[in-house]
Protein chains: 2
Amino acid sequence: MKISELAKHAQVKVDTIRYYEKRQLLPTPKRTHSGYRIYANSDLKRLLFIVQAKGLGFTLEEIRQLLCLQSGKTDCVQVRNIAKRKSAEIALRIERLSQIKYILDALADQCEQQEDDECPILKSLENSNE
Amino acid sequence: MKISELAKHAQVKVDTIRYYEKRQLLPTPKRTHSGYRIYANSDLKRLLFIVQAKGLGFTLEEIRQLLCLQSGKTDCVQVRNIAKRKSAEIALRIERLSQIKYILDALADQCEQQEDDECPILKSLENSNE
DNA sequence: CTTGACCTGTGACCATACTCCATAGTTTAT
DNA sequence: ATAAACTATGGAGTATGGTCACAGGTCAAG
């Protein structure tokens, strides 16, 4: 697969792929004799993961770390620690998103009942900031 | 409350508060006769919400929209639609984060058992990209 | 009534994450 | 065999979200 094909499958620009390579999120790919980058299916999967994680608000650096956990490039104890820490971070994130979702749903409901005086958004946060 | 006090309570810089004001995330505050910004508790709550939402990966523009739902600045039908759309977006986000968390937990477990050949990160994404 | 901490606005600067451009070599379709 | 389409590199430019510096006004304490 050449770079433009990879780009199309992942819905990103060619430049973005080269940028991710420079930032070490994608491995340095094989090249044709003339220097064109050649990608495999595993590269597409990796790229799709990056795109998805980015959509979830992770920085490229965080994503790089997540992807690093894979390859035996880090020793077991470190992997376990990083994985556990990230997992806890994500759990907190999920909790907070659930809170906001709850508020939005309440807002939509309330709105359906034409009572538009009160703001549940700030209200429900009054007692909930860690 | 003066700006530096507000900044301290929310753990952000004074400049950031002025920036949020310019970006319309915070209302233009009252001023003392000499021009100093004066903030109330409600401003602190709003600011804390902004900080939290930012940590969850929302852009300032998205946060502005969320905060707009509050004030009767949008009509009921619009509020309901936006709230429902955002709620659905967040649900998807929660789902994906749960997926990544699951992978990380699996990775930590697996690591505990010293079997470090396989990468569950990419593996478990093989069949799950929307 | 001065000293020092705090406030003001404006504008320059920074990091992240792209995105585009110029120039040049490669491949492909006619 | 030649134009159109693709690829390469390097470097500049953009958008977002701040952050800092400067010059000057304000206020409370000694």
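We name chains A, B, ... by the order of the sequence lines, and we start the count at 1 in each one. Worth knowing before you read on, the calculation uses all heavy atoms, side chains too, and leaves out hydrogens, waters and symmetry mates.
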Nucleotide nearest [X] when distance is taken to its side chain, options [options]:
X: Tyr36(A); options: dG17(D), dT9(D), dT7(D); answer: dT7(D)
X: Asp15(A); options: dC18(C), dT19(C), dC20(D); answer: dT19(C)
X: Arg23(B); options: dG17(D), dT27(C), dC18(C); answer: dG17(D)
X: Ser4(B); options: dC6(C), dC20(C), dC27(D); answer: dC6(C)

(message) Any N or O donor-acceptor pair under 3.5 Å from the base of dG17(D) to the side chain of Tyr20(B)?
(response) no

Could you state the [atom1]-[atom2] distance from [X] to [N], rounded to the nearest angstrom?
X: Ile17(B); N: dC7(C); atom1: CD1; atom2: C1'; answer: 13 Å
X: Lys2(A); N: dC6(D); atom1: NZ; atom2: P; answer: 9 Å
X: Ile50(A); N: dA17(C); atom1: CD1; atom2: C1'; answer: 13 Å
X: Ile38(B); N: dT26(D); atom1: CD1; atom2: C1'; answer: 12 Å
X: Tyr19(A); N: dT14(D); atom1: OH; atom2: P; answer: 17 Å
X: Glu62(B); N: dG17(D); atom1: CD; atom2: C1'; answer: 14 Å

(request) Report which part of the nucleic acid Arg18(B) touches: base, sugar-phosphate, or nothing (heavy-atom distance under 4.0 Å, all strands). (result) base

(request) Determine the contact category for Thr59(B): base if any of its heavy atoms lies under 4.0 Å from a base atom, sugar-phosphate if only primed atoms, P, OP1 or OP2 are that close, otherwise nothing. (result) sugar-phosphate

Between [N] and [X], is there an OP1 or OP2 to side-chain N/O distance shorter than 4.0 Å?
X: Arg37(A); N: dA8(D); answer: yes
X: Arg64(A); N: dT16(C); answer: no
X: Lys22(A); N: dC18(C); answer: no
X: His33(A); N: dT27(C); answer: yes
X: Ser34(B); N: dC7(C); answer: no

(message) Against the six-membered ring of Phe58(A), is Arg93(A) placed for a cation-pi contact (under 6.0 Å from the centre, within 45° of the normal)?
(response) yes

(request) Inspect the surroundings of CD in Gln24(A) and state if more than 12 heavy atoms from other residues, nucleotides or ligands are less than 6.0 Å away. (result) no

(request) Take Thr32(B) and Leu60(B), find for each the nucleotide of DNA chain D with the closest heavy atom, and name the residue whose nucleotide sits nearer the 5' end. (result) Leu60(B)

(message) Assuming nearest nucleotide by heavy-atom distance, tell me which of Arg31(A) and Lys13(B) is located more 5' along DNA chain D.
(response) Arg31(A)

(request) Please tell me if the side chains of Arg37(A) and Lys30(A) come closer than 4.5 Å, counting only heavy atoms from C-beta onward. (result) no

(message) Between Lys2(A) and Glu5(A), does any side-chain N to carboxylate O distance fall below 4.0 Å?
(response) no

(message) Would a single hydrophobic cluster contain both Tyr36(B) and Tyr20(B), if residues Ile, Leu, Val, Met, Phe, Trp and Tyr are joined by side-chain heavy-atom contacts under 4.5 Å?
(response) no

